[in-house]
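Naming: A, B, ... by sequence-line order, numbering from 1 per chain.
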Protein chains: 2
Amino acid sequence: MTHAIEDISASLRRAREAKSISQRELSRLTGVPQGHISKIESGAVDIRVSSLIALARALDLEVTLVPRKAVPAVQSIARQSDAERSRPAARNLAEMQRTLENIPKIPASPGLAAFSGPRPAYTLDDENGDE
Amino acid sequence: MTHAIEDISASLRRAREAKSISQRELSRLTGVPQGHISKIESGAVDIRVSSLIALARALDLEVTLVPRKAVPAVQSIARQSDAERSRPAARNLAEMQRTLENIPKIPASPGLAAFSGPRPAYTLDDENGDE
DNA sequence: ATATTTGATATATTTTAACAGATCATTCTT
DNA sequence: AAGAATGATCTGTTAAAATATATCAAATAT
């Protein structure tokens, strides 16, 4: 990915869904209004590079210019690291973690009180970097 | 390359200079006004993706979104095919070809009249594809 | 069943890229 | 020395992205 302008919109949407975050969440992260993200993802607008970069970065993507003859090689590399993030185990874990965050309702039986903050420290997102 | 917005402008300029074509020539190829190309290359504007794609394609580049963790690998690949185009022999040949086009002044001695169009059919740009 | 979240859409306003077209100084070329 | 060609820069004008804000239907969650 990608050459045409629709490829880019599609990539953004797929990347966001792969991270399973909502458009509103991405909006918070980037400052781009949710409504606008919707339009962008549906390919309805010819976005500016700054917007593209902002969204891409929030999705752990980088905008690059690749020599055309190198594109196939680049794609196969990109595909590999895509695969890591989207292989079933990873996707399921990501969703499970999100789900678990919506369960804090367990009445905390006295004997387990010390266990107050059991949220997972072992996220799959070990690939973050800067920001 | 690239992440930031200036990297992109810089890449575009380098790519154009590597092909040793003028801004006006690139303008002809893309339809983007020369003055605007100048502004773009100096990083003075936040261009739209369609413009970026148009310029990139004319320079045999493709805009891609790559996973951040794959960036180093991608860069090293891109660098390789960069090197091919910019190794001395290639650069010099490109320039020599341009120079030769400015020599048609040879008074065409009668015996060689049939040689009317001696321009090189063997360009280095054997990597073109579509369009 | 009710409430929340989500993506899509709409309106109105501001901002700015992109355009056409021209000019200018500098660097080749002749 | 005269004449291109090149990159940078300016002036208007127009089209469209980007913003803020709000609403809506459908899917999720409580």
I'd like to know if the side chain of Thr30(A) reaches the main chain of Leu26(A), judged simply by a donor and an acceptor atom lying under 3.5 Å from each other, with no hydrogens or angles considered. yes

Distance below 4.0 Å between [X] side-chain N/O and [N] OP1 or OP2:
X	N	value
Arg16(A)	dT6(C)	no
Ser38(B)	dA8(D)	yes
Ser22(B)	dA5(D)	no

Charged N to carboxylate O under 4.0 angstrom, Lys19(A) versus Asp60(A)?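 The answer is yes: the pair qualifies as a salt bridge.
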
Note: Arg16(B)-Glu41(B) ion pair, threshold 4.0 Å (strictly below): yes

Starting at [atom1] of [X] and ending at [atom2] of [N], how long is that distance when rounded to a whole Å?
X	N	atom1	atom2	answer
Leu52(B)	dA18(C)	CG	P	10 Å
Ile37(A)	dA18(D)	CD1	C1'	12 Å
Lys39(B)	dA17(C)	NZ	C1'	8 Å

For Ser9(B) and Ile40(B), the nearest pair of non-hydrogen atoms, with its separation, is CB-O, 3.2 Å

Spacing of CG belonging to Leu59(B) relative to CZ belonging to Arg57(B), to within rounding of 0.5 Å: 12.0 Å

Contacts of Ser42(A) that satisfy side-chain hydrogen bond (donor to acceptor under 3.5 Å, both in side chains) - sequence neighbours left out: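 Per chain and number, Ser42(A) pairs via side-chain hydrogen bond (donor to acceptor under 3.5 Å, both in side chains) with no residue.
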
Could you run down the sub-3.5 Å N/O contacts of the protein with nucleotides 21-27 of chain C?
none

Would Arg48(B) and Asp46(A) satisfy salt bridge (charged side-chain N to carboxylate O under 4.0 Å, His left out), going step by step from the backbone distance to the final call? CA-CA 6 Å; Arg48(B) 304 202 179 146; Asp46(A) 183 8; 5.2 Å; no

Name every residue in residues 41-50 of chain B that has at least one heavy atom under 4.0 Å from any atom of DNA chain C, in order of residue number, or write none if there are no such residues. Val45(B), Asp46(B), Ile47(B), Arg48(B)

